[in-house]
S.K.: 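Okay, here's the structure, questions in a sec.
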Amino acid sequence: METSNQFKQFESLEEDQLPIAKNKLHNWGHFAGLYAAEHVAATEFVIGATFVALGATTKDIILGLLIGNVLAVLSWTFITSPIAVDTRLSLYTYLNKIAGDSMTKLYNWANVIIFTVISAAMITVSSTAVRFAFNIPAQLDWYPTNLWFVMIVLCVGAVVVSIAIYGFTAVSKFSAICAPWLFVMFISGAFILLPALSLDVLGETLPSSWGEFINLGDQSIWTGVNSDGEPGIGLLEVIGFAWAANSITHFGLIDMALFRFAKKKSYGLTTSTGMMFGHFIAWISAGIMGAGAAVIIGKSIVELDPGDVAYYALGWSGFVIVIVAGWTTAVANLYRAGLAAQAIFTKTSRKKTTIIVGLITMVVACFPFVFSQMLPLLTYAGLLVVPVGSIVFAEHQIFPKIGYTRYFARYRKLTFSTPAIASWALGLAFGFGLNILNIMSFYYLFIPTWIFTILVYTFLAGKYGAKDKYPEEEKAESERNNNIKKFQEEKAEKEVVLIKDTSVFTKVLKVISLIVLVITLVLACIVLFGSETEIIYKENREIFYTYAFVCTVIYFATSIWALKRGNSLNK
């Protein structure tokens, strides 16, 4: 009875408002699959074309994306995952401990809006593939011009919401199935359309050397000239874009929501599956696919939407890749939006908040301007969120090292943290001020903004009580954390242990799914390396379109079947 009364305060809280229990932690494979699927996504078609329009050169793209994405992986590894693993809390919940209710609610509202719009953009991108299949006109205005397109968006969105409401485990399982196939298809798409580009520029189906490939890229893809006919961006801009593209999740600490489930801090390195395979390889592949599709159709790459590009690269499998790639990103971001909303409406379950946010997302997705403005959205969202990430970083990592007290605002029972709100406001003014003055490249603004906010917050926190000691409050906090662990251990003992599916038939299903991926890649290699003439190239391309789609159907059928067999053991 005593134990029950002791833990009653925790039973009334949503699971997502408490530190993640030890029995809920995941191995590195979950995160590798999650990041691979989220970042080998429908946006890659858009961003791949954007680099072409911005006028980067081939060498700058290859070297710049490599360096920028390595920096992004290191940011997750050394900034995000250590705090997430230490606290086992999402940023939304942790921020409440250090900044009070007022700022937390304001910040969570900002995140709900940001991730709702990003999810909506991904749903819209997925819908471009379906509209292409049904010959629905491209949606080029900011508002929808076709009722059937709206119906498609709502159907695609319903799938995204239905997956996101089941939480992190469902998101990671869905991503683990999609990630290997997405990677193979992006590589295959580049292999299929590279010969079309080579025929158009070099008069042969395959560049004969690395130098010829660079020459092909410079002439037909990354020409160094932007869409206005002026010199394009350089190496530093490419590095900065690749690094800043996800600043909202690593420097901004949004991905504490994911890494709180990680067993080790080093799992931040698993983001390399998304950055190296997704952003590095997929952005390059998307550029090749876009340029190749433009040659076949006879249009400029900037006039094509993802459905156009994917169809001419992969045939019917192209429709699937745009839909699935959009889903994987939309699901992860809708999960984040649901968490942020649940942190605002603490008495409402995360499932309910995710459903409500999901319905709003579906409505927003009906407006195509959201997807067309994806690039500015990501950069501005990053600049908006990064100062908050720096506040949390300062409190968690810097305060203990300089003798300041963590959670001083909580110990002083402040619902309004002047240091936090003032630092966020000053950080935003500083970052956007630098942008207005055009002092440096926009892509790097998140770095001085992050450093500036850390300095301001540390100074102000010292003035408002962080230098003081709170022994009684710290003792109470330590006891509360110990009680949470005991509560979760007691709860874990009552939970059913999951049974791992080791049956031969399930293993056979997994082997079949792997084999069809290999077959798909082999067929793509035949198109690239086995097409001596234009006639043979077109024949091989048609063969790939047919059998790659068959392999796609088999892959998802066997993978989902294997997953369901494993789940059925635990019902």
Side-chain angles (χ1 to χ4, degrees), residues 36-37 39-49 126 129 132-133 177-199 205-207 213 216-217 221 273-274 276-297 301 304 306-328 512-531 536-559:
H39 296 285
V40 184
T43 39
E44 314 332 329
F45 288 105
V46 179
I47 294 173
S126 289
F132 191 94
I177 288 176
C178 298
W181 179 82
L182 285 170
F183 175 63
V184 167
M185 297 312 287
F186 262 96
I187 294 291
S188 298
F191 282 10
I192 299 305
L193 290 187
L194 185 60
L197 272 177
S198 188
L199 281 166
T205 56
L206 188 66
F213 173 76
L216 171 64
I221 312 172
T273 60
M276 295 297 105
F277 297 144
H279 287 187
F280 180 61
I281 292 178
W283 283 352
I284 291 173
S285 296
I288 294 171
M289 284 191 277
V295 166
I296 294 173
I297 301 172
I301 187 173
L304 306 178
D308 296 313
V309 174
Y311 175 74
Y312 285 100
L314 300 164
W316 281 95
S317 296
F319 297 140
V320 182
I321 193 174
V322 176
I323 294 169
V324 170
W327 279 350
T328 53
I512 292 172
S513 66
L514 180 62
I515 289 173
V516 294
L517 287 182
V518 173
I519 291 172
T520 302
L521 204 52
V522 168
L523 289 171
C525 289
I526 291 172
V527 176
L528 180 62
F529 299 109
S531 303
I536 297 174
Y537 163 62
K538 289 181 177 178
E539 290 175 352
N540 287 339
R541 191 174 71 192
E542 290 301 320
I543 291 171
F544 173 86
Y545 288 162
T546 301
Y547 290 100
F549 183 66
V550 172
C551 288
T552 290
V553 173
I554 295 172
Y555 174 79
F556 280 104
T558 53
S559 298

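Model, not experiment: these values are computed from the prediction.
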S.K.: Which heavy atom in Ser513 sits nearest to a heavy atom in Val516, and how many Å separate them?
M.R.: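 Minimum heavy-atom contact is O-CG2, 3.1 Å.
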
S.K.: State, yes or no, whether a side-chain contact exists between Ile526 and Phe544 at a heavy-atom distance under 4.5 Å.
M.R.: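 Of all side-chain heavy-atom pairs linking Phe544 with Ile526, none is under 4.5 Å.
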
S.K.: Give, for atom SG of Cys525 and atom CD1 of Ile192, the distance between the pair rounded to the nearest 0.5 Å.
M.R.: 9.0 Å

S.K.: So, for Phe191 and Ala524, which heavy atoms are closest and what is the spacing to 0.1 Å?
M.R.: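 Minimum heavy-atom separation between Phe191 and Ala524: CB-O, 3.8 Å.
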
S.K.: If you round to the nearest 0.5 Å, how far is CZ of Phe277 from OG of Ser285?
M.R.: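 Taking OG in Ser285 and CZ in Phe277, the distance rounds to 12.0 Å.
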
S.K.: The criterion is side chain to side chain donor-acceptor pair (under 3.5 Å); which residues satisfy it with Thr552, sequence neighbours excluded?
M.R.: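 Residues passing side chain to side chain donor-acceptor pair (under 3.5 Å) with Thr552: Trp181, Ser317.
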
S.K.: Do Tyr545 and Leu314 make a side-chain contact, defined as non-hydrogen atoms from C-beta onward lying under 4.5 Å apart?
M.R.: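 The answer is no, as the side chains (C-beta and beyond) never meet within the 4.5 Å cut-off.
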
S.K.: Would you call Tyr547 and Thr520 a side-chain contact if the rule is heavy atoms closer than 4.5 Å?
M.R.: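 Side chain of Tyr547 against side chain of Thr520, heavy atoms only: no contact under 4.5 Å found.
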
S.K.: With a 4.5 Å cut-off on side-chain heavy atoms, are Ile296 and Leu193 touching?
M.R.: yes

S.K.: How far apart are the closest heavy atoms of Leu216 and Pro207, and which atoms are they?
M.R.: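 Between these two residues, the closest heavy atoms are CD2-CG, 3.8 Å.
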
S.K.: Please tell me if the side chains of Ser188 and Leu521 come closer than 4.5 Å, counting only heavy atoms from C-beta onward.
M.R.: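 Ser188 reaches Leu521 side chain to side chain.
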
S.K.: How about CZ on Phe556, more than 12 heavy atoms from neighbouring residues, nucleotides or ligands closer than 6.0 Å, or not?
M.R.: yes

S.K.: Within the structure provided, determine whether Pro195 and Leu528 are in side-chain contact (heavy-atom separation under 4.5 Å).
M.R.: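 Touching, per the 4.5 Å side-chain cut-off.
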
S.K.: Between CZ of Arg541 and OH of Tyr312, what distance do you get to the nearest 0.5 Å?
M.R.: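 Rounded to the nearest 0.5 Å, the CZ-OH separation comes to 9.5 Å.
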
S.K.: Nearest heavy-atom pair of Gly287 and Ile221: which atoms, and what distance?
M.R.: O-CG2, 3.6 Å

S.K.: Please give me the minimum heavy-atom distance between Pro180 and Leu517, naming the atom from each residue.
M.R.: CB-CD1, 3.7 Å

S.K.: Rounded to the nearest 0.5 Å, what separates atom CG in Leu206 from atom CG in Leu197?
M.R.: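 That separation rounds to 12.0 Å.
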
S.K.: Kindly give the heavy-atom pair with the smallest separation between Ala190 and Ile288, and that separation in Å.
M.R.: O-CG2, 3.8 Å

S.K.: So, the side chain of Thr558 versus the backbone of Ile512: is there a donor-acceptor pair under 3.5 Å, distance only?
M.R.: no

S.K.: With distance as the sole test, does Tyr555 use its side chain to make a donor-acceptor pair with the main-chain N or O of Ile177 at under 3.5 Å?
M.R.: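 Looks like yes, one N/O pair under 3.5 Å.
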
S.K.: Describe, in one word, how the ring planes of Phe549 and Trp316 are oriented to each other, choosing from parallel (under 30°), tilted (30 to 60°) and perpendicular (over 60°).
M.R.: tilted

